[in-house]
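Following: one structure in structure tokens, then a few remarks.
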Amino acid sequence: MQLDWSAIPRAADFLFEGFKYSLSLTAFAAVVGIVFGTLLAMARLSSIKPLNIAASIYVNLFRSVPLLLVIFWFYILVPLITGYDVGAERSAYVTFAIFEAAYFCEIMRAGIQSIPRGQVGAGQALGFTYGQNMRYVILPQAFRNVVPLLLTQTIILFQDTSLVYVVGATDLLGAADKIAHRDNTLVEMYLAVAVVYFVISFSLSRAVKALHARIAIIR
């Protein structure tokens, strides 16, 4: 079998465009997912029953269905319901943000629950409202406790962005797939993409491991 490795540098510009989309999708879904997930976590821990139940249903629903199905549902159903075609790239932003929020919610819930009750009581004794107690006492410590888990979930999120190519979005894998079928260079392109995913994911995993050890020493 003759492999044309020169196909990779020839396609570098297009692959880089796909890579930039993968990164932007990861960053957007991580930021929105963490913010929304934190609100969901607070709702799940709330003593207000309807709020607690609604957040629990949301989290359990999205944690019980494959991401690939959610991508298809959103991409197909939204244009049917609204009459507006949002496009594969834009629909992926929304899909990933709402899906990942369910996972970030559980991480943040664990972080909030890791704060000793005494500190919560101390904030209340100082006269802090619920919002002030969360903002100044609980959430800063909860974030610090779960930073390695949040980063690990973000690495998984980066890998999952490769699923958007099934709806025609041009992420890194989507760009490689289009070039591979155009130039009949399937092996070269898929190997190149696999190397990129491995290098980035492995490097970030090592960095998260080092950060986790450092946080453990500080504690």
Side-chain angles (χ1 to χ4, degrees), residues 1-34 62-63 65-79 85-104 107 147-214:
M1 182 173 63
Q2 290 288 336
L3 297 178
D4 180 15
W5 296 111
S6 65
I8 298 173
R10 287 201 306 271
D13 289 343
F14 191 57
L15 291 174
F16 186 63
E17 288 301 314
F19 179 63
K20 284 196 297 183
Y21 175 73
S22 295
L23 288 182
S24 67
L25 178 57
T26 302
F28 179 84
V31 171
V32 176
I34 289 173
F62 281 104
R63 283 171 58 88
V65 294
L67 173 58
L68 192 58
L69 274 181
V70 181
I71 293 171
F72 274 128
W73 284 348
F74 196 86
Y75 180 65
I76 295 170
L77 288 181
V78 169
D85 185 7
V86 294
E89 276 82 8
R90 280 181 291 183
S91 72
Y93 280 107
V94 180
T95 304
F96 271 76
I98 61 176
F99 185 87
E100 292 298 328
Y103 287 85
F104 284 123
I107 295 173
V147 161
L149 292 176
L150 292 175
L151 293 176
T152 299
Q153 182 61 33
T154 302
I155 294 171
I156 296 171
L157 165 59
F158 170 68
Q159 295 168 345
D160 285 347
T161 59
S162 61
L163 293 174
V164 300
Y165 95 99
V166 297
V167 292
T170 309
D171 69 313
L172 176 59
L173 181 58
D177 186 66
K178 289 171 183 173
I179 294 171
H181 283 89
R182 185 195 67 188
D183 300 341
N184 195 27
T185 53
L186 295 172
V187 175
E188 296 90 332
M189 287 300 147
Y190 291 152
L191 272 177
V193 168
V195 169
V196 172
Y197 276 111
F198 172 77
V199 169
I200 292 177
S201 298
F202 181 75
S203 301
L204 291 177
S205 296
R206 301 298 293 179
V208 169
K209 188 176 180 180
L211 178 64
H212 189 270
R214 186 171 180 178

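Numbers here are sequence positions counted from 1.
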#### Entry: Listed partners of Asp85 passing salt bridge (charged side-chain N to carboxylate O under 4.0 Å, His left out), at least two apart
none
### Query
Has the side chain of Ser203 got a donor or acceptor atom that lies under 3.5 Å from a matching backbone atom of Ile200?
no
### Ile71 CD1 to Leu163 CG distance, which is reported to the nearest 0.5 Å
5.0 Å
### Task
With sequence neighbours left out, write down each residue that passes side-chain contact (heavy atoms from CB on, under 4.5 Å) with Thr26, or none if nothing qualifies.
Thr154, Leu157, Phe158, Thr161
### Query
Looking at residues at least two apart in the chain, or sitting in another chain, which of them share a salt bridge (charged side-chain N to carboxylate O under 4.0 Å, His left out) with Arg63?
none
### Task
To the nearest 0.5 Å, tell me how far Tyr103 OH sits from Ile156 CD1.
9.5 Å
### Summary
In short, Ala29 meets Phe104 closest at the heavy-atom pair O-CE1, 4.2 Å
### Task
State, to 0.1 Å, how close Asp171 and Tyr165 come at their nearest heavy-atom pair, and which atoms those are.
OD1-CB, 3.6 Å
Please tabulate, one pair per line, all N/O donor-acceptor pairs under 3.5 Å involving side-chain atoms of residues 174-183, not counting sequence neighbours.
from, atom 1, to, atom 2, distance (Å)
Asp177, OD1, His181, ND1, 3.3
Asp177, OD1, Tyr190, OH, 2.4
Lys178, NZ, Gly168, O, 3.4
Lys178, NZ, Thr170, OG1, 2.5
His181, ND1, Asp177, O, 2.9

## Note on the structure
Value for CG (Leu25) from CG (Asp160), rounded to nearest 0.5 Å, stands at 10.0 Å
### Message
Please enumerate all residues that pass side-chain contact (heavy atoms from CB on, under 4.5 Å) together with Val208, with sequence neighbours excluded.
### Response
Pro148, Leu151, Thr152, Ile155
### Full working for side-chain contact (heavy atoms from CB on, under 4.5 Å) between Val32 and Phe96
CA-CA 9 Å; Val32 176; Phe96 271 76; over 6 Å; no
## Note on the structure
By ring-ring contact (aromatic ring centres under 6.0 Å, His included), Phe62 pairs with (sequence neighbours left out) Tyr58
### Query
In chain order, what residues pass the ring-ring contact (aromatic ring centres under 6.0 Å, His included) check against Phe16, with sequence neighbours excluded?
none
#### Entry: Interatomic spacing from CD1 in Ile34 to CD in Glu100 - rounded to 0.5 Å
10.0 Å
### Query
Can you tell me how far the CG atom of Leu191 sits from the CD1 atom of Ile8, to the nearest 0.5 Å?
7.5 Å
### Query
Using 30° and 60° as the class limits, which term best fits the ring planes of Phe202 and Phe198: parallel, tilted or perpendicular?
parallel
### Summary
Sorted by chain and number, sequence neighbours left out, side-chain contact (heavy atoms from CB on, under 4.5 Å) with Phe72 holds for Leu68, Ile76, Val166, Val167
### Summary
Quick note, salt bridge (charged side-chain N to carboxylate O under 4.0 Å, His left out) partners involving residues 3-15, not counting sequence neighbours, are Asp4-Arg10
#### Entry: Heavy-atom closest contact (Tyr197 atom, Leu173 atom, distance)
OH-N, 4.2 Å
### Task
Mind checking side chain to side chain donor-acceptor pair (under 3.5 Å) for Ser201 and listing every partner two or more places apart, or none if nothing turns up?
Gln159
Can I get a per-line list of side-chain donor-acceptor pairs under 3.5 Å for residues 17-24, giving both atom names and the distance, sequence neighbours left out?
from, atom 1, to, atom 2, distance (Å)
Glu17, OE2, Lys20, NZ, 3.3
Tyr21, OH, Glu89, O, 2.8
Ser22, OG, Gly18, O, 3.2
Ser22, OG, Leu172, N, 3.0
Ser24, OG, Lys20, O, 3.4
Ser24, OG, Tyr21, O, 2.9
Ser24, OG, Tyr93, OH, 2.8

